[in-house]
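Taking it in order: structure first as structure tokens, then the write-up.
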2 protein chains.
Amino acid sequence: MTRTLQRQVTPPRIKRRALSIPAEFDSDPVVWAAWLYYEEGMTQEEVADQLGVSRASVVNFLQEARDRNIVTIAVSSRHLQTIGLAREVADAYGLTNCLVVPDDGGRLPVHERIGRAGARLLIERLQPDDVLGVSWGRTVQALSAALPEMNLPGVTVAQITGCSIGTTEFSPELCTSNIATRLGARCVNLHAPGIVSTAQIKRLFVQEPALVETFKIIRTSNKVLFGVGSVDDAGTAMRSGYMSPENIGPYVARGAVGVVSGRFIDHDGKPLLGALDNRMIGLTLDEIARVPERICIAGGADKIDAVFAALNNNYATILVTDVATARALVPRAARSSRTGVTRRP
Amino acid sequence: MTRTLQRQVTPPRIKRRALSIPAEFDSDPVVWAAWLYYEEGMTQEEVADQLGVSRASVVNFLQEARDRNIVTIAVSSRHLQTIGLAREVADAYGLTNCLVVPDDGGRLPVHERIGRAGARLLIERLQPDDVLGVSWGRTVQALSAALPEMNLPGVTVAQITGCSIGTTEFSPELCTSNIATRLGARCVNLHAPGIVSTAQIKRLFVQEPALVETFKIIRTSNKVLFGVGSVDDAGTAMRSGYMSPENIGPYVARGAVGVVSGRFIDHDGKPLLGALDNRMIGLTLDEIARVPERICIAGGADKIDAVFAALNNNYATILVTDVATARALVPRAARSSRTGVTRRP
DNA sequence: ACACCGAGTTGACATTTGTCAATTGTCTCG
DNA sequence: CGAGACAATTGACAAATGTCAACTCGGTGT
């Protein structure tokens, strides 16, 4: 059998009627089953006896308990940091923190795996009154999907780049609102295009009182979450209608190796300003760099150059990546420090 | 698949550790196994292939991962509140919160089950700067044993009653320090006997500067955790050498039905002061009642009267108990409100 | 050099868990 | 009031997991 995810996957189940149930279950047999099985370590058969149902039903109850987050099964992100490789990367680039996701032989795409680890990390780091700025991309979207339902009304999730034209699954506005919804947090969207047609128009937009308000909130972010795009792969930024080849061309010609939150960076990670920049609406790289905690989630062979550049200029304080990328990053850091490229400690 | 082949096929000399293992395990195969199995939903066999070890080893790794808290499997206490019975109890006694632990047909003793649920509840409610006052008893001890290892350096755990004579497993000083250790919290012990020989001695003790300091901290508790003892069962308080039959007798004669944090209460939950009280060192019931969040963990047939009394006088804001006790409590509350016994809303 | 030890690993087997098609019970609508 | 639709439940089987005695391997003492 190749449907290897079955253990975790279930069609949504909503109502439940209790008839055979001995009046003990004033409400939820699912909770009882979960308690007896996961907390007391009964076998499913014992639970079935206790509840007076068949074992098969217990299987279903437990499945539902996982789906409804009555039980949580989580690998603590703290331990992914203890992997030696994670330490090496963190040391090499002066990160406060690095998570390296184990290799799974290609079962899940890289961004999925990184997204999950990122989700774990995020919920372990979020504090009650945080303002979390989020960028966008495939990996950020994967992270949002991996978040459990929570209830953190004190947290604010803010969109730090304007919207893309086509509303794809991983557009800035959806990434933000998905994350906010999952966390039960306040959502602050940036209601403006990410790139407008002229610098003139941009000026009009950002003077608009509603947007001024929004920007005030966005700039209070004390954490940011962003992915890193490569420019080689004709990737996310373009497929999503955010940018076009004509736009990107000049930047690449001038040495752009990656994209962070819609902005180009060169090999050293320095912002590469060009024709587009004064038409972009959203936090600038310098503004992002001033946020105290900066979580970068990115990995994959095609992104190594871009991630290296981003780390090189200290955009991230925390990196979540995969083994292959981490392996590639460590020697580069060594080489670059040997060749004297500056890096803050 | 049949395994007649395997013995032949298995290459006789695969080196383990440093060689067969692709240098991936800079540190911990346990973490990798946990990730692949719990987070990505691989089967143990797939994990074994990925790691290049036998499946049996993967079983061991996963076991260790659970032991070392690399993975946590937890039933969220929030859902134990959704059980109808819990709601009824909470409503009947004006609790902000009530957890009812499912029946398990007698597999585990009541105090064990309640302790586990209490542990869950506690870690979900603790805030970074809390000062948690803890009483003592079998149930409190069970709770401490069920706590996972954590790291909460901002939290203070304070002992609210003096020490017992014989140092049993569930003595005040051990309950406190066990909880503090598990939580990674600061531990404040009350270095004095719980009961001294004369009121005179007590006065001397509590004027002692070291104790005055300690009491200052204890009185800043914003949460307390306590069990409830019955007086019938010649239970905890006596077996632990804390009290003697001669001591208890007069209180019982005057209507004591329970013990909270070493102090006697009557049927209505009112403090029953007697000969012992001015020889006791620790928070008084009135002081306990002033703490904003008061978590009571108690249950079992022999304690119903005592728990009822405690709830009746609002010592608890949160109750963790078992189904049988909860069932007994609900109708009593109804009766007592019919007969006009006052109860704050 | 070699017998011994203990930690860590393994294959074989027993037990537990997941799956699925068939069944039962409930509710709706003619 | 009965037929049909639908969801929950189940038993039987297949797959995955836990257990354990035997084994491997690096180190240790004689």
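Letters A, B, ... are given to chains in the order of the sequence lines, protein chains preceding strands, and every chain is numbered from 1.
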Rounded distance (Å) that lies between atom [atom2] of [N] and atom [atom1] of [X]:
X: Tyr38(B); N: dT17(D); atom1: OH; atom2: C1'; value: 11 Å
X: Asn60(B); N: dT17(D); atom1: CG; atom2: P; value: 14 Å
X: Gln63(B); N: dC20(D); atom1: CD; atom2: C1'; value: 14 Å
X: Gln44(B); N: dT17(C); atom1: CD; atom2: P; value: 12 Å
X: Asp49(A); N: dT10(D); atom1: CG; atom2: C1'; value: 14 Å
X: Arg55(A); N: dT15(C); atom1: CZ; atom2: P; value: 15 Å
X: Glu45(A); N: dT15(C); atom1: CD; atom2: C1'; value: 10 Å
X: Leu51(B); N: dT9(C); atom1: CG; atom2: P; value: 11 Å

Given [options], identify the nucleotide with an atom nearest to the side chain of [X].
X: Val59(A); options: dC20(D), dG18(C), dT9(C); result: dG18(C)
X: Thr43(B); options: dC13(D), dG11(C), dA16(D); result: dA16(D)
X: Ser57(A); options: dT9(C), dG18(D), dT10(D); result: dT10(D)
X: Phe61(A); options: dT9(D), dA12(C), dT9(C); result: dT9(D)
X: Ser54(B); options: dG11(C), dG18(D), dC13(D); result: dG11(C)

Within-4.5 Å side-chain heavy-atom neighbours: [X] and [Y]:
X: Arg125(B); Y: Asn97(B); value: yes
X: Arg113(A); Y: Asp103(A); value: yes
X: Gln44(B); Y: Val59(B); value: yes
X: Trp35(A); Y: Asp104(B); value: no

Is it true that the side chains of Gln63(B) and Asp67(B) contain a donor and an acceptor less than 3.5 Å apart?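 Note: Gln63(B) and Asp67(B) side chains meet the donor-acceptor criterion.
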
For dT17(C), does either OP1 or OP2 sit under 4.0 Å from a side-chain N or O belonging to Tyr37(A)?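 Answer yes for this pair, as a side-chain N or O of Tyr37(A) is under 4.0 Å from OP1 or OP2.
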
